[in-house]
**Q** 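If you scroll down you'll find the structure; I have some questions about it.
Whatever order the structure lists them in is the order used to number ligands and atoms, beginning at 1. Model, not experiment: these values are computed from the prediction.
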Amino acid sequence: MELPHIDLITFSGQPQAGHYMNNHELMQDDLAVLWHPCSQMKDYEQSPLIPIRRGSGVWLEDYDGKRYIDAISSWWVNLFGHANPRINAALVEQLGLLEHVLLAGFSHEPAIRLAERLVELAPKGLSRCFYADNGSSAIEVALKMSYHYWRNTGYTQKTRFITLTNSYHGETLGALAVGNVPLYKETYAPLLMETLSVTSPDCFYRESGESCADYSRRLFPLMEQMLEQHCETVCAVIVEPLVQCAGSMRMYDPVYLSLLRAACDKYQVHLIADEVAVGFGRTGTMFACSQANITPDFLCLAKGLTGGYLPLSAVLTTSRVYEAFYDDYSTLRAFLHSHSYTGNALACRAALATLDIFAQDNVIANNRNLAECMRKSTLHFSDHPHVGEVRQCGMILAIEMVKDKKTREPFAWQERRGLHVYRHALENGVLLRPLGNVVYFMPPYVITEEQIQQLADVAWQGIQRATADI
Ligand SMILES: *Cc1c(COP(=O)(O)O)cnc(C)c1O
């Protein structure tokens, strides 16, 4: 897709006589004042920052005019490309009407219509929508709501949460506490509530010849035991359905979710499905939970919700939960949680435009072809001497680099093999951002088969380069 020509206009809107900022100049300005997320700032001495001037479809363009395919959807948020004309148009219209109004005592049409649409799309039984403004706060909301539900219904001893090893639920303190990726968690451990953790059904560790389903089923008794032992003090089990994304894109079988739903019912514990990353078609169905045909008690959505435009999240829950809070003011049973930007009108409108695209285009079916193309273009990766596994779940494909193919011994993290792939890809016009030793594709759904082939070629060369010394 060609990017349109842009006149010489600076960011402040003032035309400047013949001077574009370039990457280097902007990087200098940036490093003088900004502190970037998920970054050791000193790394930017070696890996330059890339200031992006504009985007179009899968493309990002920097200030030197170099273009990159956004193969990771800008941290998994972008579904239908950058500067999507349909989402843009909806936002422009909304800007002329209402940008924001507080959602306590007031309401607006985008918030109402979006809640209706989400309830309609979500697994059956989820009939209430509570907004927040990012994935982590959606998790905070679900944790608080679950705990508060039990408190309101007389189960005051329920205060704990069960989580899977290798899980990630965000980085605010509550969300971090129920996560399990040591890199994010260990430093802050003294600040976090204690949780009960159960070994993840992560199929990377299945025996050779064992199916993912068999492995996931074999691991379930550990969860069952934990529930049996602690259900009286446990509010909820929280999981990322099917793919532990930040946990190296590790995957498990839907059967685990079916077993988990049944066990949560049996032991009277809530099930929180964190679909912040896997929701909205990523795994091949609109929501990952549908693949196990289950309804969680809480469904957390964010990331792709606005098509990657604006921060917004939603927690969907059941009327049963809702009703446990519905009472006279003086009973003090109301749910106490709010963010200034709860249910922001622009963000809701972007989300509505995103859902319109799902409704109007044949997105989920079309993704099946794209996913198949991703699979085919990486078939030969399994034979690479330093690829331990190629795994896929819908529009997520991950390639795990290992030091020893037979034993799957990992590369030492200090070697930062993924960083070599990252740099190689950037040189070649692709934004890949491996998680440790795991290279993955999680592209916008508007990617073409040709572009997927390009990702695969660049990833292959990058892996070659990253592992060439051994
Ligand atoms: C990204 C992510 C979060 C946190 O969302 P933020 O918007 O980054 O706070 C929570 N859960 C999962 C599964 C995620 O991938």
Side-chain angles (χ1 to χ4, degrees), residues 36-39 72-79 130-146 161 163-181 183-185 188 192 195 197 200-202 236-252 256-257 260 271-283 287-289 296 298-316 337 339-344 347-348 350-351 354 393-396 398 433-436 438 440-442:
H36 288 262
C38 206
S39 299
I72 59 158
S73 301
S74 286
W75 262 352
W76 325 338
V77 299
N78 190 295
L79 302 186
F130 189 98
Y131 291 115
D133 51 18
N134 60 72
S136 304
S137 32
I139 300 302
E140 305 285 346
V141 166
L143 299 175
K144 284 174 71 178
M145 238 180 218
S146 172
F161 296 91
T163 159
L164 294 176
T165 54
N166 191 46
S167 57
Y168 176 92
H169 298 290
E171 296 179 41
T172 55
L173 295 178
L176 196 59
V178 291
N180 256 314
V181 179
L183 173 66
Y184 303 106
K185 185 167 185 178
Y188 306 102
L192 306 176
T195 51
S197 93
S200 162
D202 175 356
V237 178
I238 180 167
V239 295
E240 296 158 89
L242 303 188
V243 189
Q244 298 187 307
C245 293
S248 303
M249 299 291 167
R250 294 292 180 78
M251 299 172 184
Y252 61 91
Y256 195 86
L257 296 173
L260 182 57
L271 174 56
I272 302 173
D274 175 358
E275 295 219 17
V276 167
V278 295
F280 301 103
R282 261 306 152 196
T283 65
F287 299 111
C289 279
F298 301 92
L299 177 67
C300 300
L301 304 172
K303 291 206 166 106
L305 173 58
T306 62
Y309 266 67
L310 286 157
L312 178 72
S313 59
V315 179
L316 302 193
H337 192 98
H339 295 285
S340 318
Y341 285 98
T342 297
N344 174 262
C348 288
T354 301
C393 184
M395 291 296 286
I396 306 172
R433 198 173 189 279
L435 291 153
V438 176
Y440 68 92
F441 308 151
M442 199 154 160

**Q** Are any non-hydrogen side-chain atoms of Met442 and Arg282 less than 4.5 angstrom apart?
**A**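 Side chain of Met442 against side chain of Arg282, heavy atoms only: contact under 4.5 Å found.
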**Q** Is the Phe287 to Phe280 ring centre distance short of 6.0 Å?
**A**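 Yes; Phe280 has its ring centre under 6.0 Å from that of Phe287.
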**Q** Let me know which protein residues bring a heavy atom to under 4.0 Å of ligand 1; chain then number is fine for ordering.
**A**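 Residues within 4.0 Å of ligand 1: Trp76, Asn134, Gly135, Ser136, Tyr168, His169, Gly170, Glu240, Asp274, Val276, Ala277, Lys303.
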**Q** If I take atom NZ from residue Lys303 and atom CG from residue Asn78, how far apart are they, to the nearest 0.5 angstrom?
**A**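 Reported value, rounded in 0.5 Å steps: 13.5 Å.
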**Q** Using a cut-off of 6.0 Å, state whether more than 12 heavy atoms not belonging to Phe130 lie near its atom CZ.
**A**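 For Phe130, atom CZ is crowded (more than 12 foreign heavy atoms under 6.0 Å).
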**Q** Test your reading of the model: is there a side-chain donor-acceptor pair from Thr163 to the backbone of Val178, 3.5 Å cut-off?
**A**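 Looks like yes, one N/O pair under 3.5 Å.
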**Q** Salt bridge (Lys or Arg N to Asp or Glu O under 4.0 Å) with Asp202: which residues, sequence neighbours excluded?
**A**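 Listed in chain order: Arg250.
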